[in-house]
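Because the structure is a prediction, the values reported are computed rather than measured. These numbers come from the heavy atoms of this one structure, side chains and all, not from hydrogens, waters or symmetry mates. For ligands, and for the atoms within them, numbers begin at 1 and follow the listed sequence.
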Amino acid sequence: MQKIFMTLALGSMLAHAAQDKKYILTNTQLLEAAKVPALMSDSKTGMAVAHISTLQESMLIRKSHERGRCAGFELLPVQDFTQKDFQKILQDVAARKVLDQKAQKSFKRISKKESVVAAINQVSAAEIQNWVKWLSSFPTRYHKAATPNKHVEALKAKIDEMLVKYPQVKAETSLIAHQSTPQKTLRLHIEGNKFPDEIVVAGAHLDSINAGFFGPTGKIAPGADDDASGSASLLEALRHLLAQGSFERSVEFFWYAGEEAGLLGSAEVAASYKNQSKKVVGVLQLDMTLYPGNGDGKIVSMTDFTSPEMRNLLEEINRMYLNIEIINDECGYGCSDHASWYRNGYPAIIPSEATFNQMNHNIHTEADVIDSKSSFEHAAIFSKIAVAFVSHLANL
Ligand SMILES: [Zn+2]
């Protein structure tokens, strides 16, 4: 009797485990590091699909963390995934590459704007510190926490409060609900006064994670660097952009849900923008800005799954306003939310705090807090980039 019961129990556990398996889009390097077999892969792009169990998912999150990056994969919310589906994704990425080459050929150098110089000079490291302190004071911002939207709603209220000071700006915040997570994405839309249908996007992920040894838990996850810092750099940029009053193109800021669990929020947002044929002219992602792993005044530009013309714009912004050292590095598919936009056909960049080998080892643990290595001056560089990126792209 007991034996039959045990067999039944085991059977139902296995059936449950099979049901729990998920399809993910990632890169072959991460799969190899986590010893997870690829279901299909492409040697040209390094992209791969795997069908993973919950245990394998935690291995991937842990390996990605050891490599100093976020999720490292995109969750594909489907019951079945075929070779044909993979080919479609590869075609979409190849199509983006063709557009990238064309855009790079017609890339126009920018000229210095005194308004941007003035805004950049006012970027405050202390303001960023206040934001990081506040965001990392929530015990966790995990997408499956008991109250996954507490910090999202609190940030919305703070931004709404900020908007009251700029009544001349046509701006509105909204919470976007998702299929794949109970957490919501926070969006701020500023309507363009000349080309409202053309959108400039700047984003960071608001969720955090404690990767745990046996998988993510609701344990303490302050996520000061990952990614309260990127969220904060963006908030400080927003303050100076609102002071500019208006833009020719629409500008949208995003604080995404569930990035750490597979780009959940951004994947849904980018896919829905593509389905609605929304015109996004450029995407800036800020994910980890607080840890100057390669030294003060040195940042990184990721060259894979990003667009050369956007990277050129970053170089121009640096030449014009910053004069710092930008090191090129690669982070693989799915290392942050820009990948969702890129694969849906939109040009994207991700400037980042440091290279893979000089990473912050404390991310995805309770130790990702403000400490002696945190540099708010470093995080301020990214606010300046965001100010210049939006000012130049949103005004022709
Ligand atoms: Zn992150």
Side-chain angles (χ1 to χ4, degrees), residues 26-27 30 57 60-75 128 131-132 135-136 138 140-145 148 151-152 155 181 183 185-186 202-212 216 221-235 253-267 269 283-291 293 299-300 302 304-306 329-342 348-356 358-370 374 378-379 382 386:
T26 182
N27 59 91
L30 181 61
E57 183 184 5
L60 282 170
I61 292 174
R62 213 161 75 236
K63 280 292 162 193
S64 185
H65 154 221
E66 281 170 22
R67 290 151 55 92
R69 292 293 159 221
C70 279
F73 61 88
E74 177 185 338
L75 182 77
I128 299 172
W131 281 117
V132 175
L135 283 169
S136 59
F138 289 87
T140 179
R141 305 187 302 278
Y142 185 43
H143 82 116
K144 286 201 282 195
H151 63 283
V152 189
L155 180 59
T181 169
Q183 195 164 64
T185 289
L186 172 58
H205 71 86
L206 203 56
D207 66 313
S208 67
I209 197 166
N210 187 321
D225 188 14
D226 188 10
D227 183 26
S229 68
S231 299
S233 293
L234 218 54
L235 285 158
F253 279 75
F254 285 93
W255 289 272
Y256 303 106
E259 187 271 357
E260 299 286 8
L263 318 183
L264 302 177
S266 62
V269 170
V283 175
L284 169 74
Q285 174 74 2
L286 296 183
D287 190 351
M288 297 164 68
T289 65
L290 195 55
Y291 183 86
I299 68 156
V300 166
M302 295 300 177
D304 53 343
F305 305 100
T306 58
D329 199 9
E330 293 188 349
C331 67
Y333 185 82
C335 81
S336 195
D337 296 303
H338 64 290
S340 301
W341 290 101
Y342 189 83
I349 43 166
I350 175 167
S352 187
E353 62 185 17
T355 49
F356 260 152
Q358 299 296 331
M359 65 207 186
N360 180 351
H361 280 279
N362 290 333
I363 66 162
H364 301 178
T365 72
E366 52 275 25
D368 184 5
V369 293
I370 297 171
S374 305
H378 199 63
F382 297 87

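For the pair Arg141 (side chain) and Gly223 (backbone), a donor-acceptor distance under 3.5 Å is present. Judged purely by atom type and a 3.5 angstrom limit, Ser233 uses its side chain to pair as donor or acceptor with the backbone of Ala379.
By the side-chain hydrogen bond (donor to acceptor under 3.5 Å, both in side chains) test, Ser136 is found to be paired with no residue, residues two or more places apart in sequence or in another chain being considered. Shown here are the side-chain hydrogen bond (donor to acceptor under 3.5 Å, both in side chains) partners of Trp341, two or more places apart in sequence or in another chain: Tyr256.
The nearest N, O or S atom of Asp287 is closer to the Zn ion (ligand 1) than 2.8 Å. Residue Asp226 counts as close to the Zn ion (ligand 1), with an N, O or S atom under 2.8 Å.
Checked against the Zn ion (ligand 1), the N, O or S atom of His205 at the shortest distance is NE2.
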